Amino acid sequence: AYSISRSGKLTMFDIAAPGQPALASVQVGQESRGLAVSPDGKYVMAGNYNPGGAVLCDAHTLEPLKVYDTSRVINTDGMIEPSRVAYIADTPYGPYFSFALKDAGHVYIVDYSKPDFPIVGDIPNVGKVLHDAFLNENEGEDYGRYVQVASQGSDLMGIIDQKTKKLAARVHTGKKS
């Protein structure tokens with residue numbers, strides 16, 4: 001099992017052992033929020049508010065493999081600014097992690113099956129201030145294909161298609177929802 005602390009420490013625990021001892025830990029940021037583990041159990045990704053960005057680690061050793069810098073991104077108003085990372089999700093649909101650039105309104109999709117773990121999708125204008133997300137729960141071949149992303153302070157959810165790596169829809173949820 002894994003945890004990410006608000007102080008940026010990623011820790012791996014052996015929950016089957018008495019006392020559930022910590023097996024490894026690594027400092028991935030100063031103020032962290034999200035965490036996801038790849039379905040194959042090879043990778044773990046943590047997201048940071050401060051200094052921003054996301055860190056991809058080896059799930060067995062917690063060795064950092066790649067840092068995704070979000071200190072200079074283009075926001076929904078066309079300005080360059082830093083962005084915190086909000087949600088991070090893995091999906092059984094493909095070898096992907098996706099994460100939201102909270103302050104920039106983008107969603108990045110990372111392919112962890114390719115060398116250097118590239119960003120293979122950059123979906124802009126998903127919403128103004130992105131926050132939490134969840135995967136569709138439809139069973140079958142499309143399970144995990146769509147990510148629904150909440151836009152904080154608005155009546156909008158963005159629906160990301162991880163197959164096409166595009167914004168599939170915007171759902172208006174109603175005032176104050």
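Since this is a predicted model, take the numbers as computed values, not measurements.
Placement of L10 and V37 within a single hydrophobic cluster is found when ILVMFWY residues are connected by side-chain heavy-atom separations under 4.5 Å, directly or transitively. Using a 4.5 Å cut-off between side-chain heavy atoms of Ile, Leu, Val, Met, Phe, Trp and Tyr, with links allowed through other members, L156 and L167 fall into different hydrophobic clusters. I159 and V126 fall into different hydrophobic clusters, where Ile, Leu, Val, Met, Phe, Trp and Tyr residues are linked whenever their side-chain heavy atoms come under 4.5 Å apart, directly or through other members. Under the 4.5 Å side-chain heavy-atom criterion for ILVMFWY residues, a single connected hydrophobic cluster contains both L101 and Y68. Note: the hydrophobic cluster containing Y43 does not contain V55 (ILVMFWY, side chain heavy atoms under 4.5 Å, direct or indirect links).
The shortest distance between side-chain heavy atoms of F99 and V110 falls below 4.5 Å. The closest side-chain heavy-atom distance from R145 to T164 is below 4.5 Å. Counting heavy atoms from C-beta outward, I109 and I160 have side chains that approach closer than 4.5 Å. At a threshold of 4.5 Å between non-hydrogen side-chain atoms, the residues V28 and C57 count as touching. Y146 has its side chain within reach of D161: a pair of non-hydrogen atoms, C-beta onward, lies under 4.5 Å apart. At least one side-chain heavy atom of D116 sits under 4.5 Å from a side-chain heavy atom of K66. Contact check for I123 versus H106: no side-chain heavy atoms found under the 4.5 Å cut-off. Counting heavy atoms from C-beta outward, I80 and V73 have side chains that stay 4.5 Å or more apart.
The line from OG of S5 to CG of L35 is 10.5 Å long, rounded to the nearest 0.5 Å. Here the CD1 atom belonging to I4 is positioned 12.0 Å from the CE atom belonging to M45, to the nearest 0.5 angstrom. I15 CD1 to L23 CG: the interatomic distance, rounded to the nearest 0.5 Å, is 10.5 Å. In this structure, the separation between CG on L62 and NZ on K9 is 11.0 Å, given to the nearest 0.5 Å. Taken from OG in S25 to OH in Y2, the straight-line distance is 13.0 Å, to the nearest 0.5 Å. Interatomic distance, M12 CE to S3 OG, rounded to the nearest 0.5 Å: 11.0 Å.
A donor-acceptor pair is defined here as one N or O able to donate and one able to accept, closer than 3.5 Å; no such pair exists between the side chain of D77 and the backbone of M79. Between the side chain of N136 and the backbone N or O of D142 there is at least one donor-acceptor pair closer than 3.5 Å.
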Could you go through the side-chain hydrogen bond (donor to acceptor under 3.5 Å, both in side chains) check for D90 and S38 one step at a time? CA-CA 6 Å; D90 62 282; S38 62; over 6 Å; no
Test V85 against N48 for side chain to side chain contact (heavy atoms under 4.5 Å, CB included), laying out the working first. CA-CA 5 Å; V85 169; N48 295 306; 5.7 Å; no
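Minimum heavy-atom separation, A104 to S83: N-OG, 3.5 Å. Between P21 and P18, the shortest heavy-atom contact is CD-O, 3.6 Å. Residues G29 and P51 approach most closely at CA-CD, 4.0 Å, considering heavy atoms.
Salt-bridge annotation for D132 and K102: absent, with no side-chain N of the basic residue lying under 4.0 Å from a carboxylate O of the acidic one. Using a cutoff of 4.0 Å between basic side-chain nitrogens and carboxylate oxygens, R84 and D103 are scored as salt-bridged.
Checked against a 6.0 Å centroid threshold, the rings of F117 and Y112 do not count as neighbours.
Side-chain atoms of Y96 and K165 form a donor-acceptor pair, as typed in the model, at a separation below 3.5 Å. Neither side chain, D155 nor T173, offers a donor N or O lying under 3.5 Å from an acceptor on the other. Checking S98 against Y87 by side-chain atom types alone, a donor-acceptor pair falls below 3.5 Å.
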